[in-house]
Amino acid sequence: MKKPIFVYYQLENYYQNHRRYVKSRSDKQLLYGEGASLADTETCKPKQLLDDQPIIPCGLIAWSLFNDTYSFTISGNAVPVNKKGISWKSDRYHKFGNVYPENFPNNLPNNENGSLIGGSSLDLNVPLNEQEDLIVWMRTAALPTFRKLYGRIEQDLKAHTQLTAQINNNYNTYSFRGKKKLVLSTTSWLGGKNDFLGVAYITVGTVSIFLGLAFFIVQWKYPRPLGDISYLSWNQKPATS
């Protein structure tokens, strides 16, 4: 596998496209985080306030941030995983600002102030536009099975190399019968492997060919001259009683 090697986590049976989940965020707060935008948490229910103070970042999406961690070794030597530049540049510069986390429930001990822990905690000393795990997570997926980029391995992996992965299994997918997978992948000038697009293109192409043949047979068996005005309603003979 030639570098860069992309490390993804894959979740199944996880509906990030649920309407209440998608709406549970405040884009103004994520970008500005001050003044009126700081308290603009009405859309973040039920994760909007903690001890009557606004949560930053608020909402179910941020609260449920994926928190499994991965590390890799080859013959006992650590393989670094680069976690910089894993998010979209447009998200870093136009959706997230120089806003620091505050009152974030996942940074508290479990059940303190009656607030359950949803997923990963955030670094209170790092602005949101530099916490790329959060930025990647908050770009919600359209389908219940999806992959999100965890990091990149910046070295080649030769054939027959034994790569050992250590996984800290923190994220609870058992309660909703979900599944988690660790995926290593590379890309070419055509992009990465995506079965969904290939299946979709073949399906639409096959249906189009079938419909084209059906219309051809109908036209061949029951021809209709182009521009034939006899089919117009006012040229039809009135029905007799």
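Keep in mind it's a predicted model, so treat the numbers as computed, not measured.
Checked against the 6.0 Å centroid criterion, the rings of F96 and W137 do not qualify as a close aromatic pair.
Of all heavy-atom pairs spanning L65 and Y171, the tightest one is O-CE1, 3.6 Å. Between T186 and P4, the closest heavy-atom pair is CG2-O, 4.2 Å. The heavy-atom pair separating P54 from N103 by the smallest distance is O-ND2, 3.1 Å. What you find for V99 and L30 is that their closest heavy atoms are CG2-O, 3.6 Å. Considering all non-hydrogen atoms of both residues, I135 and D91 come closest at CG2-CB, 3.6 Å. Scanning all heavy atoms of the two residues, the minimum distance from L163 to I74 falls at CD1-CG1, 3.6 Å.
With hydrogens and angles disregarded, a donor-acceptor distance shorter than 3.5 Å links the side chain of N107 to the backbone of L122. Judged by distance alone, with hydrogens and angles left aside, the side-chain atoms of T73 form no donor-acceptor pair with the main-chain N or O of A78 at under 3.5 Å. Not a single donor-acceptor pair under 3.5 Å links the side chain of R147 to the backbone N or O of V7. When atom types are taken as modelled, the side chain of Q155 and the backbone of V79 share no donor-acceptor pair closer than 3.5 angstrom. With hydrogens and angles disregarded, no donor-acceptor distance shorter than 3.5 Å links the side chain of E154 to the backbone of N82.
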Listing, residues 201-218 side-chain donor-acceptor contacts under 3.5 Å, not counting sequence neighbours, or none:
{"from": "T203", "atom 1": "OG1", "to": "V199", "atom 2": "O", "distance (Å)": "2.7"}
{"from": "T206", "atom 1": "OG1", "to": "I202", "atom 2": "O", "distance (Å)": "2.7"}
{"from": "S208", "atom 1": "OG", "to": "V204", "atom 2": "O", "distance (Å)": "2.8"}

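Q16 and T140 share no donor-acceptor pair across their side chains, judged by distance under 3.5 Å alone.
For the pair L60 and K47, the minimum side-chain heavy-atom distance is below 4.5 Å. Side-chain contact check for L49 versus T41: some heavy-atom pair is nearer than 4.5 Å. Side-chain contact between F72 and L182: present, with at least one pair of heavy atoms (C-beta onward) separated by less than 4.5 Å. Between F146 and L11, the closest side-chain pair of non-hydrogen atoms falls below 4.5 Å.
Linking ILVMFWY side-chain heavy atoms closer than 4.5 Å, directly or via other members, places F66 and I167 in a single hydrophobic cluster. Under the 4.5 Å side-chain heavy-atom criterion for grouping Ile, Leu, Val, Met, Phe, Trp and Tyr, L124 is not connected to L108 through any hydrophobic cluster. Both I5 and Y70 are members of a single hydrophobic cluster when ILVMFWY side chains are connected at heavy-atom separations under 4.5 Å.
Other residues, nucleotides and ligands contribute over 12 non-hydrogen atoms within 6.0 Å of the CD atom of Q219.
Other residues sharing a hydrophobic cluster with W88 under the 4.5 Å side-chain heavy-atom criterion for ILVMFWY residues do not exist; the residue is a singleton. With a 4.5 Å cut-off between side-chain heavy atoms of Ile, Leu, Val, Met, Phe, Trp and Tyr, the cluster of Y8 takes in F6, I86, V136, L149, V183.
Between the NZ atom in K45 and the SG atom in C58 there is a gap of 12.0 Å [rounded to 0.5 Å]. The distance from the OG atom of S26 to the CD1 atom of I55 is 12.0 Å, given to the nearest 0.5 Å. Once rounded to the nearest 0.5 Å, the distance linking CG of D156 with OG1 of T161 reads 10.0 Å. Atom OG1 of T43 sits about 8.5 Å away from atom CD of Q48, to the nearest 0.5 Å. Rounding to the nearest 0.5 angstrom, the gap separating the CG atom in L31 from the CG atom in L128 is 10.5 Å. Here the OH atom belonging to Y93 is positioned 8.5 Å from the CG atom belonging to N129, to the nearest 0.5 angstrom.
Scanning for salt bridge (Lys or Arg N to Asp or Glu O under 4.0 Å) contacts around K180 gives D68, with sequence neighbours left out. E12 pairs by the side chain to side chain donor-acceptor pair (under 3.5 Å) definition with Q10, K181, not counting sequence neighbours. Checked against ring-ring contact (aromatic ring centres under 6.0 Å, His included), F104 has no partners two or more places apart in sequence or in another chain.
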Quiz item: Between N106 and N67, is a side chain to side chain contact (heavy atoms under 4.5 Å, CB included) present by the stated rule, with each step listed?
Solution: CA-CA 11 Å; N106 296 344; N67 63 344; over 6 Å; no

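Between Y14 and F176, the ring planes lie perpendicular to each other; the angle is over 60°, past the 30° to 60° tilted range.
Across K95, R92, R139, K148, a single residue satisfies side chain to side chain donor-acceptor pair (under 3.5 Å) together with S87, and that is R92.
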